[in-house]
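What follows is a single structure, written as structure tokens, with notes after it.
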Amino acid sequence: MSDVNSEPRRGGWTRFVTARPRLTLLLALVVTALAVVAGSGVGDRLASGGWQDPNAESSYATKALEREFPASQPNLLLLVDSGTRSVDDPAVAAEARKLTDRLAAERGITGVGSYWQAGASALRAKDGRQALVAARIEGDEKTAAEVLDRIAPSYEGSRGLLTVSLGGPVAVQHEMQTLIQDDLLRAELIALPVTLVLLVMVFGSAVAALLPLGLGIVAILGTNAVLRGITELTDVSVFAQNLTTALGLGLAVDYALFVVRRFREELAAGAEVREAVGTTMRTAGRTVLFSALTVAASLAALLVFPQFFLRSFAYAGIAVVLLAAVAALVLLPATLMLLGHRVNALDLRKLLRRRGRKPATAPAGTASAAGRPAAAAKAAAAEEASGWGRTAALVMRRAPLFAMATTAGLVLLGLPFLGVTFGSSDYRQLPTTAETRVVQEEMGRSFPAGPSGALYVVAEGAATPAAYADYRDRAAALPGVLRVDGPVTSGTHAYFTVSSRGEAIGEAAQHLVTDLRAVPAPFGTSVTGPAATLVDSKGAIADQLPWALAIIVVVTLVLVFLLTGSVLIPVQAVVLNALSLTAMFGAVVWVFQDGHLSGLLGFTPTGDIDTTLPVLMFCIAFGLSMDYGVFLLSRIKEEYDRSGDHDRAVAFGLRRTGGLITAAAVILAVVMVAIGTSRVTNTKMLGLGIALAVIMDAMVVRSLLVPAVMKLTGRATWWAPGPLRRFHDRFGLSEGEGAGEPVTDTRDGGQPPVRERDTAGV
């Protein structure tokens with residue numbers, strides 16, 4: 001058997017970075033600088049919205065209305081307040097008409113109308129002190145935002161006898177986008193220093209603690225450049241930047257913790273720096289690559305959905321995951337080559353001691369073979385006596401109790417999700433002080449009920465007035481219809497406005513959408529409006545959800561099988577990962593739908609959850625759960641291959657990765673909680689929900705449920721039929737694959753002589 005420390009045993013990238021570490025880091029610096037340039041201004045190119053299915057009937061009807069009847073779909077509203085005067089006062093009316101005419105003359109504005117032109121009662125407040133000017137900004141969301149930025153300073157605020165405030169969908173989306181960008185910057189300012197402090201506590205060494213932050217910054221900057229390029233081809237949601245920051249920092253921490261921990265173990269075992277880097281990349285490096293693939297696969301499932309809001313998270317997530325992995329597999333080993341034993345430098349914990357303990361790490365080449373068994377035995381005893389050692393022993397001894405108790409607890413926490421109600425986002429996502437929300441709420445309080453929540457039926461094709469009248473009568477006879485107005489005609493196109501009883505997107509309104517689409521007509525019809533958009537969005541998600549789940553499940557089963565060679569472990573991974581998300585889904589409904597803790601968290605409960613968010617949160621949280629699962633399973637598999645003792649391997653894996661996974665989860669949770677401080681409700685829900693999911697996964701599922709279940713399944717855990725076993729022997733990848741003999745002396749317990757500071761840290 002060849003020597004595992006020989007040069008050929010190191011992978012191609014490892015040979016390159018260990019031979020030319022300075023060149024590797026220089027090239028990385030150049031690429032990062034180019035990414036900064038390429039990604040500059042990406043925030044200004046991101047779009048809000050994206051919750052609708054662009055291929056749905058409602059989207060088609062909306063575009064037809066915008067094209068043929070622009071005045072029917074205003075997206076900009078000017079709330080004009082005349083103070084103590086009536087809006088019908090001649091002086092007020094004269095100024096308001098001038099304002100309306102000036103708005104109509106603006107480039108990019110169409111369909112301008114106002115109370116002072118049309119005299120419509122729906123555009124006049126009940127007290128006669130306010131009235132509306134409605135208009136449509138042409139173009140896509142980016143163009144509309146640019147027009148709004150250009151004209152807003154000339155209209156909002158005090159204008160003679162009038163005070164003007166801006167509202168409408170374009171203004172709401174623009175303010176939401178601005179708040180998200182500001183909140184993201186604040187979240188980064190909170191998360192970075194807190195993460196650094198936690199990393200110093202985990203690593204002990206300030207030098208080692210800076211490595212994950214460096215990797216995270218490289219991944220984030222690189223992803224911004226990727227997103228900037230994607231915006232040239234398609235729409236990308238502004239919310240995607242939140243995921244970029246969270247996963248960039250979180251996964252960089254995960255991967256750096258795993259790689260640096262293994263590197264320090266190899267140094268502690270007496271390996272030379274080059275040998276330690278090679279062994280680390282062959283073991284922990286492969287696990288990082290495997291983990292990145294599982295996370296990327298979970299996020300790739302979002303690509304099957306037509307809504308660009310969901311697809312955007314796939315663009316950002318896949319890019320940041322792969323870039324974090326590349327940074328961990330290329331930049332990190334190059335840095336470790338240059339640092340060597342100095343990776344343990346600047347141990348800030350010594351400041352808390354009167355006298356620092358002499359480091360146990362021996363200089364390269366000084367560890368004697370005779371001294372290793374005793375050191376290994378001492379380290380093994382210390383490890384088994386540690387908190388994670390005692391936890392492993394307790395879980396293995398009481399496996400049935402822990403398996404049943406944790407499963408029951410997770411199911412109980414998830415029960416509120418059975419009462420979920422799906423809806424769509426609106427201005428209530430914004431804080432109560434946001435100007436556009438104030439305008440929308442003022443319109444709801446002070447103005448007569450308008451058609452903002454109505455349904456629109458677009459008719460296409462030549463038709464007689466009698467045909468239109470017959471259709472209107474049929475539609476008016478449907479249950480839940482308050483009245484039908486129209487038709488408004490233009491050539492071969494016409495539209496009807498259908499006002500319904502009850503809430504704009506309530507169950508009754510959604511049923512009415514189905515009924516309207518079933519009304520026979522001698523011309524083509526398509527229905528749009530808030531309820532129709534929601535119905536189509538729910539339908540698109542329901543249609544594609546099985547495909548998304550199939551992608552996640554199949555890829556997870558295949559990858560975990562390639563890692564472990566077992567048939568049962570991949571099934572366990574899928575089931576237990578899904579179970580780990582129950583607390584997140586239960587909390588989302590209990591808190592954000594039902595409104596518990598809304599005062600403390602500072603948001604307005606709407607009684608429903610945006611249809612797209614549970615899908616998004618599932619894909620992200622499932623991927624992160626697999627990230628931690630791969631870390632645990634890889635160490636269990638490595639020890640099982642070495643010793644053949646199932647119980648010992650499970651306990652070993654928990655002892656070696658329990659602290660690491662918990663530390664990584666806490667740090668990622670800090671980042672997600674920082675994002676959860678956003679003033680936009682959906683971002684708050686995303687951040688706090690994912691934070692809860694990763695904490696539950698690390699502290700309950702990985703620490704208690706997984707080892708308990710593996711203890712119960714025993715050696716059958718590793719079974720696979722002959723053909724699959726032979727397939728794995730040939731193509732499988734695992735942390736210890738290709739390692740040959742163990743890299744450390746396995747006598748007297750089989751653990752490498754890890755220093756107590758490493759064991760107690762990560």
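The model shown is predicted, which means the values in this text are computed figures rather than measured ones. All residue numbers refer to positions in the sequence shown, counting from 1.
In this structure, Asp536 and Ser58 approach most closely via the heavy-atom pair OD2-OG, 2.7 Å. Nearest heavy-atom pair across Phe422 and Leu534 is O-CD2, 4.0 Å. Shown here for Ala578 and Phe622, the closest heavy-atom pair between the two residues is N-CE1, 4.1 Å. Contact between Leu331 and Ala28 at its shortest, heavy atoms only, is CD2-CB, 3.0 Å. In terms of heavy atoms, Ala256 sits closest to Leu332 at CA-CD2, 3.9 Å. The shortest heavy-atom contact between Leu581 and Ala621 is CD2-CB, 3.4 Å.
Residues Leu192 and Val671 have side chains not in contact (no heavy-atom distance under 4.5 Å, counting atoms from C-beta outward). Counting only heavy atoms from C-beta outward, the side chains of Leu148 and Leu166 approach each other to under 4.5 Å. Under the 4.5 Å side-chain criterion, counting only non-hydrogen atoms from C-beta, Leu579 is in contact with Thr407. The shortest distance between side-chain heavy atoms of Leu46 and Thr231 falls below 4.5 Å. When side chains are defined from C-beta on, Thr294 does not count as touching Thr556, because their heavy atoms never get closer than 4.5 Å. For the pair Pro605 and Asp594, the minimum side-chain heavy-atom distance is 4.5 Å or more. At a threshold of 4.5 Å between non-hydrogen side-chain atoms, the residues Met685 and Phe603 do not count as touching. Looking only at side-chain heavy atoms (C-beta outward), Ile609 and Thr421 stay at 4.5 Å or farther from each other.
A side-chain hydrogen bond (donor to acceptor under 3.5 Å, both in side chains) with Ser425 is found for one member of Thr611, Thr606, Asp610 and no other, namely Asp610. Checked against Phe309 for a side-chain contact (heavy atoms from CB on, under 4.5 Å), the options Asp235, Leu613, Asn682 give a single hit: Leu613. The one candidate from Leu601, Ile675, Val591 that meets the side-chain contact (heavy atoms from CB on, under 4.5 Å) condition with Lys684 is Leu601.
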Determine whether Thr683 and Phe239 satisfy the following criterion, side chain to side chain contact (heavy atoms under 4.5 Å, CB included), listing intermediate values before the conclusion. CA-CA 7 Å; Thr683 307; Phe239 288 91; 3.0 Å; yes
Open item on the list: One pair to check against side chain to side chain contact (heavy atoms under 4.5 Å, CB included): Ile690 and Met584. What are the steps and the verdict?
Closed with: CA-CA 7 Å; Ile690 298 296; Met584 175 185 72; 4.1 Å; yes
If you apply the rule side chain to side chain contact (heavy atoms under 4.5 Å, CB included), what do you find for Ile661 with Leu632, and how did you get there? CA-CA 8 Å; Ile661 290 173; Leu632 175 60; 4.0 Å; yes
If you apply the rule side chain to side chain contact (heavy atoms under 4.5 Å, CB included), what do you find for Asp254 with Tyr628, and how did you get there? CA-CA 8 Å; Asp254 289 355; Tyr628 300 143; 3.4 Å; yes
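A donor-acceptor pair under 3.5 Å is absent between the side-chain atoms of Ser703 and the main chain of Val700, judged by distance alone. Using modelled atom types, one side-chain atom of Arg311 and one backbone atom of Leu303 make a donor-acceptor pair closer than 3.5 Å. For the pair Gln593 (side chain) and Gly419 (backbone), a donor-acceptor distance under 3.5 Å is present. Side chain of Thr582 to backbone of Leu413: no donor-acceptor contact under 3.5 angstrom is found. In this structure a side-chain-to-backbone donor-acceptor pair under 3.5 Å is present from Arg437 to Leu430. Between the side chain of Thr244 and the main chain of Ala240, a donor-acceptor pair closer than 3.5 Å is present. Judged by distance alone, the side chain of His596 and the main-chain N or O of Trp590 form a donor-acceptor pair under 3.5 Å. The main-chain N or O of Ile180 is never found under 3.5 Å from a side-chain atom of Arg679 such that the two would form a donor-acceptor pair. Within the 3.5 Å criterion, the main-chain N or O of Leu184 finds no donor-acceptor partner in the side chain of Gln241.
Partners of Glu188 according to the side chain to side chain donor-acceptor pair (under 3.5 Å) rule, which considers only residues two or more places apart in sequence or in another chain, are Thr245.
Atom CG of Leu323 is separated from atom CG of Leu251 by 11.0 Å, given to the nearest 0.5 angstrom. Atom CZ in Phe305 sits 11.5 Å away from atom CG in Asp53 (nearest 0.5 Å). Within the model, atoms CG of Leu257 and OG1 of Thr657 stand 12.0 Å from one another, a figure rounded to the nearest 0.5 Å. From Leu293, atom CG reaches atom CG of Leu322 across 7.5 Å, with rounding to the nearest 0.5 Å. Taken from CD in Glu441 to OG1 in Thr604, the straight-line distance is 7.0 Å, to the nearest 0.5 Å. Taking CD from Gln440 and CG from Asp426, the interatomic distance works out to 9.0 Å, rounded to the nearest 0.5 Å.
The aromatic rings of Tyr255 and Phe631 sit perpendicular to each other, their planes meeting at more than 60°, with 30° as the lower class boundary. A tilted orientation is assigned to the rings of Phe585 and Phe417, their planes being inclined by 30° to 60°.
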Residues 216-223 side chain polar contacts: donor-acceptor under 3.5 Å, at least two apart:
unit_1	atom_1	unit_2	atom_2	d
Thr223	OG1	Ala219	O	2.7
Thr223	OG1	Val320	N	3.4

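No hydrogens or angles considered: a donor-acceptor pair under 3.5 Å links the side chains of Gln307 and Ser537. A side-chain donor-acceptor contact under 3.5 Å links Thr436 and Glu175. Looking at Ser678 and Asp183, their side chains do bring a donor and an acceptor atom within 3.5 Å of each other.
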